2 protein chains.
Amino acid sequence: MADNKLYYCNVELSLDIIGGKWKPLIIHHIGGAGVIRYGELKRKVPNINERVLSRQLRELEESKIIQRTVYDEVPPRVEYSLIEMGKTLVPILNELGLWGIEYNQKYNHGEIHFEDEYNNL
Amino acid sequence: MADNKLYYCNVELSLDIIGGKWKPLIIHHIGGAGVIRYGELKRKVPNINERVLSRQLRELEESKIIQRTVYDEVPPRVEYSLIEMGKTLVPILNELGLWGIEYNQKYNHGEIHFEDEYNNL
DNA sequence: CGGTATCCTATATGATACTG
DNA sequence: CAGTATCATATAGGATACCG
């Protein structure tokens, strides 16, 4: 998010902060878990590249959507959780998820497949 | 949205349908207007490229989110409106917009600027 | 375990010109 | 007015290897 950018709508601003291919998903999974480690998160979003996941997390941290806590242990432990405005995003993303379910039921677009063990989120 | 893709979460599915840089914005503006012509829409999303706008609209039409109505007039008139699952997206996007306003107030990220005449959406 | 470094690619996006 | 065609490019995203 460039600070001097000109916005034409609030949704535009929101998308600038949490838009993109992965951020909503990451936020949703952190929210669902409460607290989550890097490795768990990676397992919940299997298709994401490590470098990309790492970068997205940093950006979300910079935007004050999430908090990153490093524990000085061996092996290392790093935990992510939502903070403030990150938390208020959860219900919205839940709605979006429900919308997806309904869309799938209604239009049944080519038999949408879900990995069984992940389906319960 | 590839029909044989494997999803790990409903949000993932939703994002596949209405995600991206422009689609949520387009849907939001069509929803706000009820019915809107191509040119008006372009004015509401000034930064979008015509080719891109055109393509996004076709994709949303294919996904049965919007409806495209062509009137056989000169000069040509084409109107877009939300249908079915497109309509149920409106409250969610409104929430997202409100979230952006609150984020802006709370963190006041480098004085976010809005074009005055657009601010009222 | 939780990353980063390096290098690479695709796809989305964009500028411009043109048309029924 | 509502686009499409053509061409160009940037940036997000990815593969792989390696490290404290």
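Just so it is clear, the model here is predicted, and its values are computed rather than measured. Convention: sequence-line order gives letters A, B, ...; per-chain numbering from 1.
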OP1, OP2 of [N] versus side-chain N and O of [X]: anything below 4.0 Å?
X       : N     : value
B:Arg37 : D:dA2 : yes
B:Tyr38 : D:dT4 : no
B:Ser54 : D:dG3 : no
B:Arg77 : D:dA2 : no

When the nearest nucleotide of DNA chain C is assigned to B:Gln56 and to B:Glu50 on a heavy-atom basis, which residue is associated with the more 5' position? B:Gln56

In whole Å, I'd like the distance from the [atom1] atom of [X] to the [atom2] atom of [N].
X       : N      : atom1 : atom2 : answer
A:Lys21 : C:dT11 : NZ    : P     : 9 Å
A:Trp22 : C:dT11 : CH2   : C1'   : 14 Å
B:Ile66 : D:dA2  : CD1   : C1'   : 14 Å
A:Arg55 : D:dG13 : CZ    : P     : 8 Å
A:Arg51 : D:dA12 : CZ    : P     : 10 Å
A:Leu25 : D:dA12 : CG    : P     : 18 Å
A:Asn49 : C:dT6  : CG    : C1'   : 12 Å
B:Tyr71 : D:dA2  : OH    : C1'   : 15 Å

Using the salt bridge (Lys or Arg N to Asp or Glu O under 4.0 Å) definition, which of the options B:Glu59, B:Glu61, B:Glu62 pairs with B:Lys23? B:Glu59

Can you check whether A:Trp99's main-chain N or O pairs, donor with acceptor, with A:Glu102's side chain at less than 3.5 Å? no

Between the main-chain N or O of A:Ile17 and the side-chain N or O of A:Ser63, is there a donor-acceptor pair closer than 3.5 Å? no

B:Arg58, nearest nucleotide to its side chain (from C:dA12, D:dA2, D:dT4): D:dT4

Students often get this wrong, so: under 4.0 angstrom with heavy atoms, is A:Tyr80 touching a base, only sugar-phosphate, or nothing? sugar-phosphate

Please determine if A:Lys64 forms a cation-pi arrangement with B:Tyr107, meaning its NZ or CZ atom is less than 6.0 Å from the six-membered ring centre and no more than 45° off the ring axis. yes

For residues A:Val11 and B:Leu98: do they belong to one hydrophobic cluster (side chain heavy atoms under 4.5 Å, members Ile, Leu, Val, Met, Phe, Trp, Tyr)? no

